[in-house]
2 protein chains.
Amino acid sequence: MPSIRDVARQAQVSTATASRALRGLPSVTAQTRARVERAAAELDYVIPFNASSLASGRTNSVGIVVPYVSRWFFGTVIAGAEAVLREAGLDLVVYGVPDAAARARFFDRLPVRRRVDAVLVLSLPLTAAEAEALRALRVPVVLVGSTADGIPSVRIDDLAAAAQAVRHLTGLGHRRIGLLGETDPPPHGFTTPGRRRNGYLRALAEAGIEPEPALEAAGGFTAAAGETAMARLLALPSPPTAVFAMSDEMAFGALKTLRRARVGIPAEVSVIGFDDHELAGALDLTTIAQPVTAQGERAALLLLDQLHDRPPATDVVLGTELVRRGSTGPAPAAR
Amino acid sequence: MPSIRDVARQAQVSTATASRALRGLPSVTAQTRARVERAAAELDYVIPFNASSLASGRTNSVGIVVPYVSRWFFGTVIAGAEAVLREAGLDLVVYGVPDAAARARFFDRLPVRRRVDAVLVLSLPLTAAEAEALRALRVPVVLVGSTADGIPSVRIDDLAAAAQAVRHLTGLGHRRIGLLGETDPPPHGFTTPGRRRNGYLRALAEAGIEPEPALEAAGGFTAAAGETAMARLLALPSPPTAVFAMSDEMAFGALKTLRRARVGIPAEVSVIGFDDHELAGALDLTTIAQPVTAQGERAALLLLDQLHDRPPATDVVLGTELVRRGSTGPAPAAR
DNA sequence: CTGAAAGCGCTAACAG
DNA sequence: CTGTTAGCGCTTTCAG
């Protein structure tokens, strides 16, 4: 295994110059740099990460804390962040925290300590203690989908977006609008469901509709949960003519229940989702599109800002957009 | 920032003993270990990753090379691998290679060099040069979903599983069976599509059915591709009564096309997918289930075997299973 | 089982 | 712009 000394010798420079040349520092003549680079190529030399890291104090790695790596939303955010970070020469280390135990272990042991130069946290609303633990790391932190004092974040306006969804329904004449939501309390203490519910309530209020607790069905952000939640609404003496599902996955489940019950979509019941999941088009689901890859990219950029001592934006709110497809339509003529 | 010296001093041992105690080596008395651990806890000390890595030559990290982080299959494999590796104290570093350029850059520059203790490669059929580059790393490598000489792999039997899918259709009396497949050549040179196609051909042969090129529609493993591919089959003078989609995502697209064309499922056309995607249940799709999380877990275990100098299995083939749902049924009475 | 001391292979400060 | 040199903070012999 060649060392930087071998490279330096072959290029007839000192190890310091070799190091500078290989790292692309400006204080090296083009000629010297070329010689060093050629020597490195010939010897098939790369700077060993650990030695460089020990000497410089940097790890060139970013940790990403994520509840569910396998879910579309998180995978897409990760992909966006990874691309930007890789471009900047940073590695992405994944820390999955699928349940409360894993999360507690993460914040307790803080395996990112002395291990990464920055941390990205996806969707987890931090407790005061968790936020404090991250701040104590003394490395840049960026949140996606949640906020905390003094920590930059990237997110969407869930309340406004949900209201936009429900307004689409009221605009179509619907008055009895169901909500497919999250359990209470939500897993991980997620705050997104609450915000989306508030958007639902706001849009109802705007339309002068009295909210009806019976029209809210909880379950979770999965298709299976959406399926059973929709079944409950359908069993109501007077079922809704439209439902707002807090996630597209739930909406998919709801569509299944409706189809199986031979309920016309959107003739009898309209369904709107949230996310613009990659399969929403295939299911012809009207939904609120949120920019997911972009959230990962922007979060990575905020991290880079901080790593380069540029002041980062404190709170980036990306836009959402109604995507009209076939699952929503005018309310059935008033009964 | 406390160092191991501070811990050693406080525990009244040498730094060597402190190091041994903190790493859980057996050659330390329980008493000494307890003293050291208490001192470390009091000082809030953790072994700095880079110093440890430089001194020991190990990085305690595993690299995972993956084409599409955001797709369900890959995200699920990553989650499975990450859980096992984390348990073993290893970090997972993600290397996304969504396109040929990124892939070339990865194998050219080999950013994993001197950076990880082992590498996991997902679904990429390695060229001879790529396999050689990985071997030259001199670290354990495990493949998921592809194979290469001398590199352990975890996978399913795509041919058998696809044949199983198509046999399900022939068993239901179908004789005109369409195939929704991948483009030729497939992206990344994926070999999975070819194997699944061979399974399709085998099952047809078993049933004495002459394959018909017109019944094969290519497009890619996405819902959008499945949608248009299905439309092409439907436009045939004599369309199939059943289709085998190489992935559930394609099957979802096919279902959309069929529904929109008001073709009865399965009354007029049966659809079977492949994967048992998390949304397959919501779409009532009959499919071949493959154990995805388990593939990630097993791959991680094979890595651990190698890292601990245990001979790993060379080729682990996990089982698949037919999951009957509502999208397949008996062939329409012979015309 | 424990300690002393020699690296691991760079990077950064300083000097020129 | 380039060279010298002193660490970075552990882990690992080698002794005892």
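The chains referred to below are lettered A, B, ... by the order of the sequence lines, with proteins before strands, and numbering in each begins at 1.
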Presence of salt bridge, [Y] and [X], under 4.0 angstrom:
| X | Y | answer |
| --- | --- | --- |
| B:R105 | B:D108 | no |
| A:D305 | A:R298 | no |
| A:R86 | A:D91 | yes |

From CA spacing to verdict: side chain to side chain donor-acceptor pair (under 3.5 Å), B:S19, B:R23: CA-CA 6 Å; B:S19 172; B:R23 281 179 293 150; 3.0 Å; yes
side-chain N/O B:T17 vs C:dT2 OP1/OP2, d < 4.0 Å: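 Negative; the distance criterion is not met.
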Span of DNA chain D, from the first to the last nucleotide whose atoms fall under 4.0 Å of chain A heavy atoms: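 So the contact region on DNA chain D extends D:dC1 to D:dG9.
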Cation over ring face, B:R114 and A:F49, 6.0 Å, 45°: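 B:R114 over A:F49 ring: no.
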A:R71 charged N/C atom sitting above A:Y68 aromatic ring, 6.0 Å / 45°: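 Checked: cation-pi criterion met.
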Report all interatomic pairs (protein N or O, nucleotide N or O of nucleotides 9-11 of chain C) with separations under 3.5 Å.
{"from": "C:dC10", "atom 1": "OP1", "to": "A:I4", "atom 2": "N", "distance (Å)": "3.1"}
{"from": "C:dC10", "atom 1": "OP1", "to": "A:Y45", "atom 2": "OH", "distance (Å)": "2.7"}
{"from": "C:dC10", "atom 1": "OP2", "to": "A:I4", "atom 2": "N", "distance (Å)": "3.0"}
{"from": "C:dC10", "atom 1": "O5'", "to": "A:Y45", "atom 2": "OH", "distance (Å)": "2.8"}
{"from": "C:dT11", "atom 1": "OP1", "to": "A:S52", "atom 2": "OG", "distance (Å)": "3.3"}
{"from": "C:dT11", "atom 1": "OP2", "to": "A:S19", "atom 2": "OG", "distance (Å)": "2.2"}

Any donor-acceptor N/O pair, B:D158 side chain to B:T192 backbone, under 3.5 Å: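 Not at all, since once roles are kept as given, no pair shorter than 3.5 Å links the two residues.
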Side chain to side chain contact (heavy atoms under 4.5 Å, CB included) evaluation trace for A:E42 with A:V7: CA-CA 9 Å; A:E42 281 167 9; A:V7 175; over 6 Å; no
